[in-house]
There are 2 protein chains.
Amino acid sequence: MNIDSDDTDDAGPVSPALPLTSVWTRPQRRQKEQLSRERIIAETIALLDEEGIEALSMRALGQRLGAGATSLYRHVASKDELIELVVDEVYGELEVPELTDPAGWRLAMHVTAHSLRQAGLRHMWVMQVLGQVGLNYLGPNVVSVTQRGLAILTTAGFDTEEAVRAMSSVSSFVVGITSAEAGWLTALRRQGMTEQEWYQNMGPRMAADAADAGLAEIYLQELEKDPTEARLANFVYGLDLMLDSLQVRLAAKLASADEKAQATTASQ
Amino acid sequence: MNIDSDDTDDAGPVSPALPLTSVWTRPQRRQKEQLSRERIIAETIALLDEEGIEALSMRALGQRLGAGATSLYRHVASKDELIELVVDEVYGELEVPELTDPAGWRLAMHVTAHSLRQAGLRHMWVMQVLGQVGLNYLGPNVVSVTQRGLAILTTAGFDTEEAVRAMSSVSSFVVGITSAEAGWLTALRRQGMTEQEWYQNMGPRMAADAADAGLAEIYLQELEKDPTEARLANFVYGLDLMLDSLQVRLAAKLASADEKAQATTASQ
DNA sequence: CGCATCTGCGCACAGTGTGCGCGTCGATGA
DNA sequence: TCATCGACGCGCACACTGTGCGCAGATGCG
């Protein structure tokens, strides 16, 4: 109808007082996206992925968002809360299959475990932070993952208590080994070394100390493998250790349940 | 023979020049213990045990040692190096039995694992720091523990490669679950809550969200147990999952070795 | 006794998380 | 159309961090 206040700011030359703040010099803040919790979380994850956990400061984050450091505090209570938020966000990336056939529990556990490991390697800072935050703050995605993980084991046939124990054991293993991998890889990146270079350096250095001949040998063995695959194989080995035992216990439990059922039907 | 320079400072009134710095006003620095790497490490561990990882600052540490913050840098290159040193020191507390009877490997692994867990619970900050330092820096005690751990498995009958995998798996599990425990306990202590209080609060809160009825039930179950023992039982459950599988694989390996030996002796 | 070396310390710098109050913006009700 | 209001971003400031630098005093050696 009349003046469009978006394009041409009205009454620009009318105000005679301050030529310094004209229509043109005035920062058109609304053209940059507004801050929001979602945008902050997304940018935080990007920053962490690119530059690592030690590079996360509220000032740096604000700069990437075209905002001052303290503006973030309108949307996030503290840096710690921000970290809880991004950790939960990463848990949202996990794939925890829903079980249709109870016999598929082992595959489902494999998928879940690999998914957790992959997420941890994509976002290595998560693993460094998990030890401090402990997963005890219970964001929605963490809760959801926990529930769906437990569902796998209970529909497989474990009772609730054992499902909790088993899930805790498996995820402890996954988190433990993945955070070791992540720490290792980030330490390497900090020094700008490849894994092969490290093993090449470390083998002889260990062999120099006579006592460490055993370890030196191990390091030299590592040189012949593709390190990425070797780490994956280690992971699968440990995971299968646990799943094998779970399978045995499940079979025993189902057998004894069958037996009991047969006994009661026979006695009737 | 002559003046004992330890008790009475010699030649005190002899120097006529500066009355400001008399024997009495002069800081008797040598009476406080001198700084040393050992003393710094010990005091750091004490501080960390008492006040947690976030309370460790070079200034606070210096104060406890009766020294300025920057004095510490004569003995320690950086705060990160100091942390590496104290972590290695804690690894020195571990008990890793030497194996006489190969059949005792399982007990030895139990002892080692429990020892690692106990150390982690005594010094909860270690677990929070392991994710960042990754154990890839190789202090002497860490190396020693690794060697002795591997020795258990190799004298039990595993070949070197599998011993490495197995040790890595077990210790990943132990570190993973212990750091979860440690994070949990420190988070509780920060809020001044007991475990029972938390479960009492969280059960109903979860039940309020209809979807979380399952988890609420679990929390209420937790209320009936002694939490310390429950955590220990969880730990033992997961540890036995791994050791059971290792036992199976070892038996299979020994059997096939026997078989092969018999076959060759039979063919000769 | 004189000299060299080691040790501790004060100062300073850049950088951190975050509380507070101000100005400016967009939407809303009359 | 205009006045009002709540949300939002920002600059400032504070206390605190790790740590490089140069000085002063103490210790040990010739």
Side-chain angles (χ1 to χ4, degrees), chain A residues 1-7 9-12 14-15 17-18 20-23 25-40 43-44 47 51 53-84 132, chain B residues 5-6 9-12 14-15 17-18 20-23 25-40 43-44 47 51-84 132:
Chain A
M1 281 295 174
N2 47 15
I3 302 171
D4 187 347
S5 64
D6 280 333
D7 280 340
D9 235 310
D10 56 338
V14 168
S15 76
L18 306 168
L20 287 177
T21 66
S22 82
V23 205
T25 65
R26 185 185 318 166
Q28 318 174 352
R29 195 162 359 126
R30 285 297 163 241
Q31 284 207 346
K32 336 179 177 179
E33 229 124 351
Q34 252 191 239
L35 243 46
S36 72
R37 182 173 276 198
E38 289 72 26
R39 229 161 66 81
I40 292 178
E43 197 66 38
T44 306
L47 194 159
E51 313 196 36
I53 184 76
E54 72 280 358
L56 173 61
S57 79
M58 299 307 269
R59 286 170 170 81
L61 180 57
Q63 203 161 13
R64 287 178 69 120
L65 287 160
T70 58
S71 305
L72 307 172
Y73 285 86
R74 293 273 174 195
H75 305 269
V76 159
S78 69
K79 189 183 184 183
D80 285 344
E81 182 188 296
L82 177 58
I83 290 181
E84 293 184 4
Q132 302 170 28
Chain B
S5 64
D6 279 335
D9 236 310
D10 55 338
V14 168
S15 78
L18 306 167
L20 286 176
T21 65
S22 83
V23 204
T25 65
R26 182 186 323 165
Q28 318 174 354
R29 201 165 351 133
R30 285 300 162 239
Q31 285 209 344
K32 332 179 178 180
E33 229 121 354
Q34 243 185 255
L35 246 45
S36 73
R37 179 174 277 199
E38 289 71 27
R39 230 163 64 81
I40 292 177
E43 197 66 38
T44 306
L47 194 160
E51 312 196 37
I53 184 76
E54 71 281 357
L56 174 61
S57 78
M58 300 305 270
R59 286 170 170 81
L61 179 58
Q63 202 160 15
R64 288 177 68 119
L65 286 161
T70 60
S71 306
L72 307 171
Y73 284 85
R74 294 276 170 193
H75 306 268
V76 159
S78 69
K79 190 183 183 183
D80 284 344
E81 182 187 296
L82 176 59
I83 289 182
E84 292 185 4
Q132 299 169 30

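So you know, we letter chains A, B, ... as the sequences are listed, proteins then strands, and number each from 1. None of the values given here were measured: they were computed from a predicted structure.
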Around atom CD of A:Q63, are there more than 12 heavy atoms of other residues, nucleotides or ligands at under 6.0 Å?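 Atom CD in A:Q63 is not packed in, count stays at 12 or less.
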
Is it true that, when you exclude B:E51 itself, more than 12 heavy atoms of the residues, nucleotides or ligands shown sit nearer than 6.0 Å to its CD?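 Counting other residues, nucleotides and ligands, CD of B:E51 exceeds 12 neighbours.
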
For residues A:R39 and A:L65, report the shortest heavy-atom separation together with the two atoms involved.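 Smallest heavy-atom distance, with atoms named: NH2-O, 3.7 Å.
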
Determine: side-chain N/O of A:H75 to OP1/OP2 of D:dA7, distance under 4.0 Å, yes or no.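 No, A:H75 has no side-chain N/O under 4.0 Å of OP1/OP2 on D:dA7.
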
Within the distance-only criterion (no hydrogens, no angle test), does the side chain of B:R59 pair as donor or acceptor with the backbone N or O of B:A69 below 3.5 angstrom?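 Judged by distance alone, no pair lies under 3.5 Å.
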
Spacing of [X] atom [atom1] relative to [N] atom [atom2], expressed in whole Å:
X     : N      : atom1 : atom2 : value
A:M58 : D:dG9  : CE    : P     : 13 Å
A:E54 : C:dT16 : CD    : P     : 12 Å
A:L65 : D:dC8  : CG    : P     : 15 Å
A:L72 : D:dC10 : CG    : P     : 9 Å
A:K79 : C:dT16 : NZ    : C1'   : 8 Å
B:I40 : D:dG18 : CD1   : C1'   : 15 Å
A:Q63 : D:dG11 : CD    : C1'   : 15 Å
A:R39 : D:dC8  : CZ    : C1'   : 13 Å

How would you label the contact of B:T70 with the nucleic acid (heavy atoms, under 4.0 Å): base, sugar-phosphate, or nothing?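 Base contact.
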
NA contact type, B:L56, heavy-atom cut-off 4.0 Å: base, sugar-phosphate, or nothing?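 Answer is sugar-phosphate: B:L56 comes under 4.0 Å of backbone atoms only.
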
Below 4.5 Å, heavy atoms only, C-beta onward: do A:L82 and A:L61 meet side chain to side chain?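 Side-chain contact under 4.5 Å: yes.
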
To the side chain of A:S57, which of C:dT7, D:dG18, C:dT16 is closest?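 It is C:dT16.
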
When you measure only distances, ignoring hydrogens and angles, does the side chain of A:S78 come within 3.5 Å of the base of C:dG17 through a donor and an acceptor?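 A donor-acceptor contact between them is absent.
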
Side-chain donor/acceptor contact of B:R59 with base of D:dG18 under 3.5 Å: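 When only heavy-atom distances are counted, B:R59 does reach the base of D:dG18 through a donor-acceptor pair under 3.5 Å.
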
